[in-house]
*Asks:* 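The structure's right below; bear with me while I get my questions together.
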2 protein chains.
Amino acid sequence: MSAHLTLHDLDQRLRGAGLRPTRQRRDLAGLLYGDGDRHVTAEVLHREAVEAGVKVSLATVYNTLHQFTEAGLLRQVVVDAQRSYFDTNTGHHHHFYNTADQELIDIPGDHVAVGSLPTPPDGMAIEQVDVVVRISPNDDR
Amino acid sequence: MSAHLTLHDLDQRLRGAGLRPTRQRRDLAGLLYGDGDRHVTAEVLHREAVEAGVKVSLATVYNTLHQFTEAGLLRQVVVDAQRSYFDTNTGHHHHFYNTADQELIDIPGDHVAVGSLPTPPDGMAIEQVDVVVRISPNDDR
DNA sequence: ATTTGTGCAAATCGTTTGCATCTGA
DNA sequence: TCAGATGCAAACGATTTGCACAAAT
C-alpha cells in the first residue's frame with residue numbers, strides 16, 4: 001500500500017491519534033508503517049531501530065507500543081505466553097501462528113467464517129473474537 | 001460429572017499417562033480433576049494446594065502442570081500474555097475470556113463453527129484452531 | 001513556562017533451572 | 001537399588017516503573 005511515508009504523513013497520523021509527534025515516535029512509526037503490514041515484538045522493533053541508527057531505549061519502545069495500541073494505531077495479538085506481538089493491521093482479521101519459528105501471518109477477516117457463536121454470559125458483551133490457527137512445518141517424507 | 005475420585009482412580013490416570021503416581025502428583029490431580037472442568041494458573045493451583053494442606057512447592061506445580069500437559073491430561077490455553085492457563089478439558093472446544101476478571105469459560109466445540117479456513121502456507125499443516133471470544137461486563141444504563 | 005516524553009537502571013513478576021536430597025517401584 | 005521426583009533458592013527474560021533530564025506546545 002504505502003510505498004513511503006513522509007515525515008508530514010507520520011506527524012499527521014500521530015496527531016490524529018492524540019499523540020505528540022516526538023522524534024522517537026515518528027521514527028518508530030516510520031519503521032512500523034513504512035512498508036505494509038507488520039507483526040513485531042518490542043525486542044524486534046528495538047533492534048530494528050538501533051540497526052537503522054534510530055536512538056531510542058527499549059523502555060520507550062514498550063511505552064510507545066502501548067500508547068499506539070491504546071490510540072488504535074496498533075493491535076496486540078496474544079499467541080505466545082512469553083512474548084507480546086503488535087500488529088500494524090488493526091482491521092478485522094485473524095492469524096496463522098507458525099509455532100516452529102514463532103511467526104505470525106495475517107488471514108484476511110473474510111477468509112474465516114465464525115458461525116453460531118454462543119450467547120455470552122449474562123451481563124457480558126463480546127469485545128473481540130480472535131481466531132488463531134496454529135501451524136507447523138509438516139515433516140513428511 | 002465426577003463426584004469424587006478415589007486414590008486408585010488417580011493412580012490409574014497417572015499411570016495411564018506414563019507418570020509415576022507420586023504423592024504431589026496425586027494431590028494435584030485430585031484438585032484438578034476432583035470436580036468438573038477447571039481452568040487454573042500455576043499460582044492458583046499452588047495456593048489451593050497450600051490451603052488444602054497439601055505440601056508442594058510452586059516449582060513442582062509448574063513442573064507437574066507441564067508434565068500433565070505433555071501427557072495429554074491438560075491443555076494449555078494462551079489468552080493473556082502475562083499468565084499461563086491450564087484447562088482440564090482436553091477435548092475440542094473454545095473459550096470465552098472475561099477480560100475484566102481474567103476468567104476463562106468453556107464453549108463447547110460444537111457451539112462454534114469455524115468455516116472456510118484458508119489453506120495454510122506451503123509445507124505447513126494445521127495443528128490446532130483456537131477461538132477466543134473476549135468478553136467484558138457491559139456497563140449500559 | 002508548562003506539560004509531556006524519554007532514558008537509564010532498578011524493580012517486578014511469572015516461570016525455569018541447578019543441585020542436593022528424598023521417594024516409589 | 002536407583003532412576004526419577006521434589007524443594008529450595010538462585011537465575012531468567014520479558015515487561016514495568018521511578019525519577020532526573022530533555023523536548024514539544
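Residue numbering restarts at 1 for every chain, and letters A, B, ... go by the order of the sequence lines.
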*Asks:* Using 30° and 60° as the class boundaries, would you call the ring planes of A:His66 and A:Tyr62 parallel, tilted or perpendicular?
*Replies:*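 It falls in the tilted class, 30° to 60°.
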*Asks:* Mapping A:Val56 and A:Ala81 onto DNA chain C by nearest heavy atom, which one lands closer to the 5' end?
*Replies:*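 That would be A:Val56.
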*Asks:* C:dT23, OP1 or OP2 - any side-chain N/O from B:Gln24 closer than 4.0 Å?
*Replies:*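 For B:Gln24, the contact criterion (side-chain N or O under 4.0 Å from OP1 or OP2 of C:dT23) is not met.
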*Asks:* Roughly, in whole Å, what's the span from OH in A:Tyr85 to P in D:dA14?
*Replies:*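 In whole Å, D:dA14 P and A:Tyr85 OH are 11 Å from each other.
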*Asks:* Which sits closer to the 5' end of DNA chain D, B:Arg25 or A:Ser84, going by the nucleotide each is nearest to?
*Replies:*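 With B:Arg25 and A:Ser84 compared, the 5'-side residue is B:Arg25.
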*Asks:* Can A:Val112 be reached from A:Val79 by stepping across I, L, V, M, F, W or Y side chains whose heavy atoms are under 4.5 Å apart?
*Replies:*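 They do not share one cluster, since no chain of ILVMFWY contacts under 4.5 Å joins A:Val79 to A:Val112.
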*Asks:* For A:Thr41, report the nucleic acid contact type (base, sugar-phosphate, nothing); a contact means any heavy atom under 4.0 Å.
*Replies:*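 Nothing: the residue A:Thr41, judged by heavy atoms under 4.0 Å, touches no strand.
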*Asks:* Do B:Val77 and A:Val129 belong to the same hydrophobic cluster, where Ile, Leu, Val, Met, Phe, Trp and Tyr are linked whenever their side-chain heavy atoms lie under 4.5 Å apart, directly or via other members?
*Replies:*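 Different clusters: B:Val77 never reaches A:Val129 through Ile, Leu, Val, Met, Phe, Trp or Tyr contacts under 4.5 Å.
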*Asks:* Taking OH from A:Tyr62 and P from D:dG13, how many angstroms apart are they, rounded to a whole number?
*Replies:*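 Roughly 13 Å, once rounded to whole Å.
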*Asks:* Between P on D:dG4 and CZ on B:Arg26, what's the gap in Å once rounded to a whole number?
*Replies:*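 Answer to the nearest Å: 19 Å.
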*Asks:* D:dA14, C:dG14, C:dT17: which one has an atom nearest the side-chain heavy atoms of B:Asn63?
*Replies:*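 Looking only at side-chain atoms, B:Asn63 lies closest to C:dT17.
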*Asks:* What's the CD-C1' distance between B:Gln67 and D:dG4, to the nearest Å?
*Replies:*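 Atom CD in B:Gln67 sits about 10 Å away from atom C1' in D:dG4.
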*Asks:* Taking atom P of C:dT6 as reference, at what distance in whole Å does atom NE2 of A:His46 sit?
*Replies:*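 Answer to the nearest Å: 13 Å.
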*Asks:* At less than 4.0 Å, is any side-chain N or O atom of B:His66 found next to OP1 or OP2 of C:dT15? Yes or no.
*Replies:*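 No, because none of the side-chain N or O atoms of B:His66 sits under 4.0 Å from OP1 or OP2 of C:dT15.
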*Asks:* So, under a plain 3.5 Å distance rule, would you say the side chain of A:Arg20 forms a donor-acceptor pair with the base of C:dT3?
*Replies:*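 Between C:dT3 and A:Arg20, which were checked side chain against base, a qualifying N/O pair under 3.5 Å is present.
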*Asks:* Between atom CG in B:Leu58 and atom P in D:dC8, what is the gap in whole Å?
*Replies:*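 For the pair B:Leu58 CG and D:dC8 P, the rounded distance is 11 Å.
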*Asks:* Which of the following nucleotides, C:dT15, C:dA25, D:dA5, is nearest to the side chain of B:Arg15?
*Replies:*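 For B:Arg15, the side-chain atoms sit closest to C:dA25.
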*Asks:* Report yes or no: do B:Tyr85 and B:Leu28 belong to one cluster of Ile/Leu/Val/Met/Phe/Trp/Tyr joined by side chain heavy-atom distances under 4.5 Å?
*Replies:*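 No, B:Tyr85 and B:Leu28 fall in different hydrophobic clusters.
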*Asks:* With no hydrogens and no angle check, do the side chains of A:Asn89 and A:His39 hold a donor and an acceptor under 3.5 Å apart?
*Replies:*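 Side chains of A:Asn89 and A:His39: no pair found under 3.5 Å.
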*Asks:* For D:dG7 and B:Ser57 - does any side-chain N or O of the residue sit under 4.0 Å from the phosphate oxygens OP1/OP2?
*Replies:*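 Result: yes.
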*Asks:* Looking at D:dA24, C:dT15, D:dA5, which one has an atom nearest to any side-chain atom of A:Gln82?
*Replies:*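 Between D:dA24, C:dT15, D:dA5, the one nearest the side chain of A:Gln82 would be C:dT15.
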*Asks:* Would you tell me if any nitrogen or oxygen in the side chain of B:Thr60 comes within less than 4.0 Å of OP1 or OP2 on D:dA5?
*Replies:*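 Answer no for this pair, as no side-chain N or O of B:Thr60 is under 4.0 Å from OP1 or OP2.
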*Asks:* Rounded to whole Å, how long is the line connecting atom CG of B:Leu10 with atom P of C:dG24?
*Replies:*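 Roughly 15 Å, once rounded to whole Å.
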*Asks:* What's the CZ-C1' distance between B:Arg23 and C:dG24, to the nearest Å?
*Replies:*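 B:Arg23 atom CZ is separated from C:dG24 atom C1' by 13 Å.
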*Asks:* Taking for each residue the nucleotide of DNA chain C bearing the nearest heavy atom, is the 5' side occupied by A:Thr64 or by B:Pro21?
*Replies:*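 Going by which nucleotide is closer to the 5' end, it is A:Thr64.
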